[in-house]
Peer 1: 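The structure is given below, and queries will be raised subsequently.
Every chain is numbered from 1 and lettered A, B, ... according to where its sequence line falls, protein lines coming before strand lines.
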Amino acid sequence: MIGLKDKIANSIIDFLKQNNIDAKKEDILFMFKKPEKLEFGDIAFPVFRYAKDFRKPPVEIAEQVKGFFEANPLKEIEKIEVINGYVNFHISPQWMFEKLVKEFEEKGEDFYKSDVLKGKTFVVEFSSPNIAKPFSIGHLRSTVIGNFLRNLLKSLGANVIGINHIGDWGTQFGKLIVAFKLWGNEEELEKDPVKYMLSLYVRFHKEAEENPSLEDKAREAFLNLEKGSEEERKLWEKFRTLSLKEFEKTYKRLNVHFDKVLGEAFYSDKIDRVVKILEEKGLLEESENALVVKLDDYNMPPCLIKKSDGATLYATRDIAAAIYRKETFDFDRMFYVVGSEQKLHFKQFFKVLELAGFEWAKDMEHIDFGLYRFKDGKMSTRKGRVILLEEVLDEAVNRIKEIMNEKNPDLTEEERENVSEILGTGAIIFNDLKNDRIKDVQFSWDEVLNFEGESGPYISYSFVRCKGIFRKAEGIEESGKYTATHESEIALIKKLFEFKDIMLSAYNNRKSHFIANYLLDLTKSFTTFYHNCRVVGEDKGISSFRKMLVKLTMNTLKAGADILGMRLPDRM
RNA sequence: GCACCUGUAGCUCAGCAGGAUAGAGCACAGGAUUCCUAAUCCUGGUGUCGCAGGUUCGAAUCCUGCCAGGUGCACCA
């Protein structure tokens, strides 16, 4: 659509020039609007703002624009209508259809991929769970949003490095080490590592309330760890390995991939250099026995670089990580997919990097998101008030299995097993990505386990219908010859044609719900088509044309689902 | 206290680089299955777009103030 909009804008500029009005292309493109209703056409151009220049009512100006296009016609435009102050362009569905077919024939399943970001390197830091803490529903957000961005950027042609920035360093490990030494049991740890570590963690906080000296012990233990003390190191490694192994399972279920898994600990030997750099730039100050970079001039609290006991903080490690990544990957842009409660932290350390003279600090971006909360408050690992992700996934998968047993008992046990896994995990992923990430999400089992209407399975359902048609229509050859006879076919073509524009705005806004909502729209257009137009059993030309529409729909659904990181089944 | 985010139908949310009569899903009621799987579709109706001003030919959308909820504000991440 972008190329076409360009063309129309050029014509409008010519028209305005004839009337002694100068206009920039960007401004015209900016004014284009998508009409609210299908019958109003595909591109609307409001002319109200030219009423003064022309000294005429908008409707008359719109008529003149229409006249200009009729004198200088564009083949893509089927019809132009003037309604109120709008010039409504109706784009030829045949032209759109043929363009889609051509693209598909050239590129096949990669039809939606482009090279708008070709040659650009992106680093996406996401997921980043804390070792020794269970993977809660809260971690789901960073994981699926980051995975979505990684997929989207790739399909736009970018070189992407997705990094799982594991939280494997910090005072929390001091706590865990102390707790394990005091109350730990090797056997139980091996049995169910993460759950056991969580119980130790919870117990630590409970006992620390009575006995604050535990906190000091924890700080000491972490300091020992940083200094390389062998006893602490060994325990830490054990915790880390056991946790990672469990996370792997979850990532597999979620269809999430990383290019690098580099924990915070990885940067621990790169921190001295950071301190030195900041020192050389004269940014470091001692304050209350700690080393800080003051940010008063920027209306922010100081950024802590070293604690009064000499231990590092996560800001320090983040700075080291950023420098390392710039030097290693030479990124054009870096995304941090982290909750909005850390907004200030990112503002602070971005500013510190900028002050240290790293001009690429401007290329870093915090992709923030709201948190999952209960009706009556926040989730908290410390208090054990969490919903585990595995729990949610299992529940969804089980619920789907029940539905499948009831609706489709003909499938084999194995197939039902596989499909319910795909649908269940997909439902959870879709549910997370379908709303604007900026908003908090109220966790509700009813909402999460509702598979009707605007849900993951609804998307899957359409895809499965497409597959079904393909099985039934095996003998029919799909054809690029346009023979639309029903309005639902045209509506579907127009919706299919939007996909690439949607991908771009999803990228520009870094928001998954653009894609998710598009898929819902596409699905709705498809079901209307599905209920009105049969593929099998019609005249040859009509069947072939419709089969092509089904093929395009099927592949667009697949493409969108791939970008969201959601798998689709062939049957359900 | 200061900063940032959010406030749209009973509920969950789209729409918010100003533009046409503010839309979906859920829930509720009724209807559709000799036909590519009814996890579907069709029909029903709801709104002081948090409140008050301002900018504009035009504001849910932009600006200001207020209200409500959330988040953050030095040794946790």
Side-chain angles (χ1 to χ4, degrees), chain A residues 30-31 33 35-37 40 44 46 48-49 51-52 57-58 83-86 88 128 130 133 167 169-172 175 215 219 264 287-292 299-315 317-318 338-345 347-348 368 370-371 373 377-378 382 400 403-404 406-408 410 423 431 434-436 438-442 444 446-447 450-455 457-458 460-462 464-473 508-509 513-514 516-517 520-521 523-524 527-528 530-537 546-547 550 571-572:
Chain A
F30 202 69
M31 284 167 75
K33 204 198 163 239
E36 277 173 11
K37 289 182 179 174
F40 288 164
F48 303 96
R49 74 153 66 162
K52 274 181 193 155
I83 302 174
N84 299 329
Y86 293 90
N88 289 334
S128 314
N130 285 324
K133 281 192 200 171
W169 211 238
T171 319
Q172 48 173 329
K175 292 177 184 173
E215 298 274 2
R219 272 190 284 274
E264 291 183 64
S287 168
E288 297 169 35
N289 282 328
L291 284 179
V292 306
N299 228 341
M300 284 188 270
C303 183
L304 268 284
I305 300 298
K306 264 196 172 179
K307 300 203 282 190
S308 44
D309 62 10
T312 64
L313 284 129
Y314 75 131
R317 297 192 282 275
D318 271 341
V338 180
S340 21
E341 71 275 10
Q342 293 196 34
K343 230 173 174 169
L344 178 61
H345 161 67
K347 269 178 80 177
Q348 282 180 303
D368 61 336
L371 22 76
R373 46 182 34 270
K378 213 176 163 178
R382 291 185 185 194
I400 294 218
I403 298 173
M404 285 191 74
E406 186 191 313
K407 303 215 177 205
N408 207 343
D410 294 345
L423 285 180
N431 187 61
K434 77 173 176 188
N435 294 135
D436 195 334
I438 210 83
K439 296 191 180 178
D440 284 351
V441 183
Q442 200 181 91
S444 127
D446 283 347
E447 187 72 22
N450 177 20
F451 306 131
E452 275 162 24
E454 299 178 333
S455 67
Y458 181 58
S460 303
Y461 182 79
S462 283
V464 167
R465 292 291 77 78
C466 291
K467 284 279 179 187
I469 291 172
F470 258 66
R471 280 192 295 272
K472 291 273 174 173
N508 285 328
N509 293 283
H513 74 285
F514 282 62
N517 286 340
L520 289 170
D521 280 352
T523 291
K524 284 173 198 166
T527 34
T528 307
Y530 181 77
H531 280 271
N532 287 293
C533 301
R534 291 187 56 80
V535 174
V536 180
R546 288 182 179 167
K547 196 179 171 196
V550 174
R571 295 170 197 264
M572 64 191 271

Peer 1: Can a donor-acceptor pair under 3.5 Å be found between the side-chain atoms of A:Asn88 and the base atoms of B:A20?
Peer 2: yes
Peer 1: What distance, rounded to whole Å, do you find between the two C1' atoms, one in B:G23 and one in B:G15?
Peer 2: 7 Å
Peer 1: What is the distance from CG of A:Asn532 to P of B:A32, rounded to the nearest Å?
Peer 2: 18 Å
Peer 1: Would you kindly compare A:His345 and A:Cys533 by the position of their nearest RNA chain B nucleotide and give the one closer to the 5′ end?
Peer 2: A:Cys533
Peer 1: Could you state the atom-to-atom distance from CZ of A:Phe514 to C1' of B:A14 in whole Å?
Peer 2: 10 Å
Peer 1: What is the distance from OH of A:Tyr461 to P of B:U37, rounded to the nearest Å?
Peer 2: 9 Å
Peer 1: Nearest-Å distance, CG (A:Leu423) to C1' (B:A39)?
Peer 2: 9 Å
Peer 1: Please report the interatomic distance NZ(A:Lys524) to OG(A:Ser462), rounded to the nearest 0.5 Å.
Peer 2: 11.0 Å
Peer 1: Suppose you measure atom P in B:U55 against the same atom in B:C63; what distance do you get, rounded to whole Å?
Peer 2: 15 Å
Peer 1: As an exercise, state the distance from OH of A:Tyr461 to OG1 of A:Thr523, rounded to the nearest 0.5 Å.
Peer 2: 11.5 Å
Peer 1: Measure CG/A:Asn508 against C1'/B:A17 and give the value in whole Å, please.
Peer 2: 11 Å
Peer 1: Applying a 4.0 Å non-hydrogen cut-off, can you work out what A:Lys434 is touching in the nucleic acid: base, sugar-phosphate, or nothing?
Peer 2: nothing
Peer 1: Rounding to an integer number of angstrom, what distance separates B:U71 and B:A27 when you compare their C1' atoms?
Peer 2: 31 Å
Peer 1: Please measure how far the P atom in B:C42 lies from the corresponding atom in B:U48, and state the result in whole Å.
Peer 2: 27 Å
Peer 1: If the condition is ring pair (Phe, Tyr, Trp, His ring centres under 6.0 Å), which residues does A:Tyr530 pass it with, not counting sequence neighbours?
Peer 2: A:Phe526
Peer 1: Determine the interatomic distance between C1' on B:U37 and the same-named atom on B:G18; round to the nearest Å.
Peer 2: 46 Å
Peer 1: Please state whether the phosphate of B:A17, meaning OP1 or OP2, lies under 4.0 angstrom from any side-chain nitrogen or oxygen of A:Lys33.
Peer 2: no
Peer 1: By a 5.5 angstrom centroid cut-off and a 30 degree plane limit, is there stacking between A:Phe40 and B:A20?
Peer 2: yes
Peer 1: Starting at the 5' end of RNA chain B, what dot-bracket string do you get if Watson-Crick and G-U pairs under 3.5 Å are bracketed, crossing pairs use [ ], other-strand pairs use | and unpaired bases use dots?
Peer 2: (((((((..((((.....[...)))).(((((.......))))).....(((((..]....))))))))))))....
Peer 1: Which whole-number value in Å describes the distance from A:Glu36 CD to B:A24 P?
Peer 2: 12 Å
Peer 1: Does the side-chain ring of A:Tyr314 sit on the six-membered ring of the B:C76 base, less than 5.5 Å centre to centre and under 30° in tilt?
Peer 2: no
Peer 1: Expressed as a whole number of Å, how far does the P atom of B:C41 sit from that of B:A24?
Peer 2: 13 Å
Peer 1: Of the nucleotides B:U40, B:A14, B:C76, which has the atom closest to the A:His513 side chain?
Peer 2: B:A14
Peer 1: C1' atom, B:C16 versus B:G58: distance in rounded Å?
Peer 2: 16 Å
Peer 1: Measuring only the C1' atom in each nucleotide, how far is B:A60 from B:C2? A whole number of Å is fine.
Peer 2: 29 Å
Peer 1: Round to a whole Å and report the spacing from CG of A:Asn450 to C1' of B:U40.
Peer 2: 14 Å
Peer 1: Pick the closest RNA chain B nucleotide for A:Asn435 and for A:Ser340 by heavy atoms, then say which residue is nearer the 5' end.
Peer 2: A:Asn435
Peer 1: Choose from B:U40, B:A24, B:G70 the nucleotide whose nearest atom is closest to any side-chain atom of A:Glu454.
Peer 2: B:A24
Peer 1: Nearest whole Å is fine: how far is B:C13 C1' from A:Asn431 CG?
Peer 2: 11 Å
Peer 1: Looking only at side-chain atoms of A:Glu341, point me to the closest of B:U40, B:U71, B:A14.
Peer 2: B:U71
Peer 1: Quick check against the 3.5 Å criterion: does A:Lys547 have a side-chain atom that pairs as donor or acceptor with the backbone of A:Ala473?
Peer 2: yes
Peer 1: Does a nitrogen or oxygen in the side chain of A:Lys343 sit under 4.0 Å from OP1 or OP2 of B:G72?
Peer 2: no
